[in-house]
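One-based numbering, in listed order, for ligands and for the atoms of each.
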Amino acid sequence: MAIYRRLDPERLPHHVAIIMDGNGRWAGKRSLKRFLGHQQGAESVQYVVETASRIGLPWLTLYAFSLENNLRRPKSEVNFLMRLLKMYLNNNVRRMNDNNVRIQYIGRTDDLPDEVRERMQWAAEATQRNTGTVLTLALNYGARSELMDAFRGLCAEVQSGQLKLNDVTEQDIQRHLYTAHMPDPDLLIRTSGEMRISNYLLWQIAYTEIYVTSRLWPDFRGIHMLEAIEDYQRRERRYGGLADGTESDDVASLPANQLVG
Ligand code: FPP
């Protein structure tokens, strides 16, 4: 792939997170039922996972099912998404093993149906020895609930005297997140053009580069992730600092009346 050759191997992101949106619109544009959009979306997942593994991306995190999806969508659609997830796991664990991909999950997964949790655990165990890309599916996930769970854990440590309130650091919060063992995403991709974060990884994306494409998720392929990575590589990450080569003003030498209040 020409685009792959254009990427700078020294500056590949370590962690790409994706908000997969637009399954319903994809189906609507073709006068199909929404569930066919989700089914096509599950195909895109596997294409993107394989590309991630081919380029040696260490972490890929996909927003597959939010707490809000669970609460606000018709029961029939939620049930279909659950069936699709089970089917996806059944059909793809072998390919994950061929591609050295390990699967894990973040979210309130305890609240998912038993037979889905059983499949999820099976897939995690079947791929646990793989050392390539870690595919994280966010399932029944909401960032505010994640933060609430983290704060509860942290408060319990303070209450028990394990940690002093004034000693709490950002790292203490970080180690209570579902993603405690993961680096923060370098790049967040959202499909189907919406300029929203939708309660995804709110803590973790503090310095993440955001890329929004109007392409609907069922039309998204590995090459489109590589385009996003190419765009990411053109950006300069500043983490709140100055652009490279910018000289700081010598404020101390300015007369006081030139200081803007
Ligand atoms: C948004 O489309 C998509 C979701 C509800 C989550 C993503 C789900 C999949 C890609 C399906 C399968 C996933 C796995 C891992 C097997 P939407 O229905 O909100 O689209 P719309 O905004 O156009 O209505």
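Closest of all the heavy-atom pairs between M225 and F220 is N-CZ, 3.6 Å.
Side-chain contact of N79 with S76: a donor-acceptor pair under 3.5 Å is absent, judged by distance alone.
Residue-to-ligand polar distances keep E77 apart from ligand 1: every N/O pair is separated by 3.5 Å or more. Considering backbone and side-chain N/O of Y63, none are found under 3.5 Å from N/O of ligand 1. Considering backbone and side-chain atoms alike, W26 places every N or O at 3.5 Å or more from each N or O of ligand 1. Distances between N or O atoms of R34 and those of ligand 1 include at least one value under 3.5 Å. Residue D21 has at least one N or O atom closer than 3.5 Å to an N or O atom of ligand 1. Residue contacts with ligand 1: L81 is placed with no nitrogen or oxygen under 3.5 Å of a nitrogen or oxygen of the ligand (distance criterion only).
For ligand 1 and N69, the ligand atoms under 4.0 Å from any heavy atom of the residue are 5 (C). Within the listing of ligand 1, atoms 17 (P), 18 (O), 20 (O), 21 (P), 23 (O), 24 (O) sit less than 4.0 angstrom from a heavy atom of G24. Contact atoms of ligand 1 toward H38: 5 (C), 11 (C), 18 (O) (distance under 4.0 Å to a heavy atom of the residue). Less than 4.0 angstrom separates some heavy atom of L84 from each of these atoms of ligand 1: 11 (C), 12 (C). Taking a cut-off of under 4.0 Å to the non-hydrogen atoms of Y88, the atoms of ligand 1 that pass are 16 (C). Of all atoms in ligand 1, numbered sequentially from 1 with element shown, those under 4.0 Å from a heavy atom of R25 are 21 (P), 22 (O), 23 (O).
With distances taken over non-hydrogen atoms, the option nearest atom 17 (P) of ligand 1 out of Q46, Q39, R73, M82 is R73.
Contacts of L62 with ligand 1, taken as heavy-atom pairs under 4.0 Å, are absent altogether.
The protein atom (non-hydrogen) at minimum distance from atom 1 (C) of ligand 1 is M20 O, 3.4 Å. At the shortest separation from atom 14 (C) of ligand 1 among protein heavy atoms lies V45 CG2, 4.3 Å. What sits closest to atom 9 (C) of ligand 1 on the protein, heavy atoms only, is N23 ND2, 3.5 Å. Atom 6 (C) of ligand 1 has as its closest protein heavy atom A64 O, 3.2 Å.
Under 4.0 Å is where a charged nitrogen must lie from a carboxylate oxygen, and between R235 and D231 at least one such pair does. Salt-bridge annotation for R25 and E194: present, with a side-chain N of the basic residue lying under 4.0 Å from a carboxylate O of the acidic one.
By the 4.0 Å heavy-atom criterion, S192 is excluded from the residues contacting ligand 1. Using a 4.0 Å heavy-atom cutoff, W217 is listed among the residues neighbouring ligand 1.
Put simply, the side chain of N97 never gets that close to the backbone of R94: no donor and acceptor are under 3.5 Å apart. Side-chain atoms of W217 never come within 3.5 Å of backbone atoms of T191 as a donor-acceptor pair (strictly under, hydrogens ignored). When atom types are taken as modelled, the side chain of Y200 and the backbone of I205 share no donor-acceptor pair closer than 3.5 angstrom. Panel note: side chain H224, backbone R221; a donor-acceptor pair is recorded below 3.5 Å.
Y47 OH: 12 or fewer foreign heavy atoms inside a 6.0 Å radius. By the 6.0 Å contact criterion, CD on Q121 is open, its count of non-hydrogen atoms from other residues, nucleotides or ligands being 12 or less.
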Could you walk me through whether R95 and D98 pass the salt bridge (charged side-chain N to carboxylate O under 4.0 Å, His left out) test, one step at a time?
CA-CA 5 Å; R95 279 159 84 180; D98 290 344; over 6 Å; no
R215 vs E227, salt bridge (charged side-chain N to carboxylate O under 4.0 Å, His left out): CA-CA, chis, key distance, verdict:
CA-CA 12 Å; R215 190 174 292 279; E227 282 170 9; 5.4 Å; no
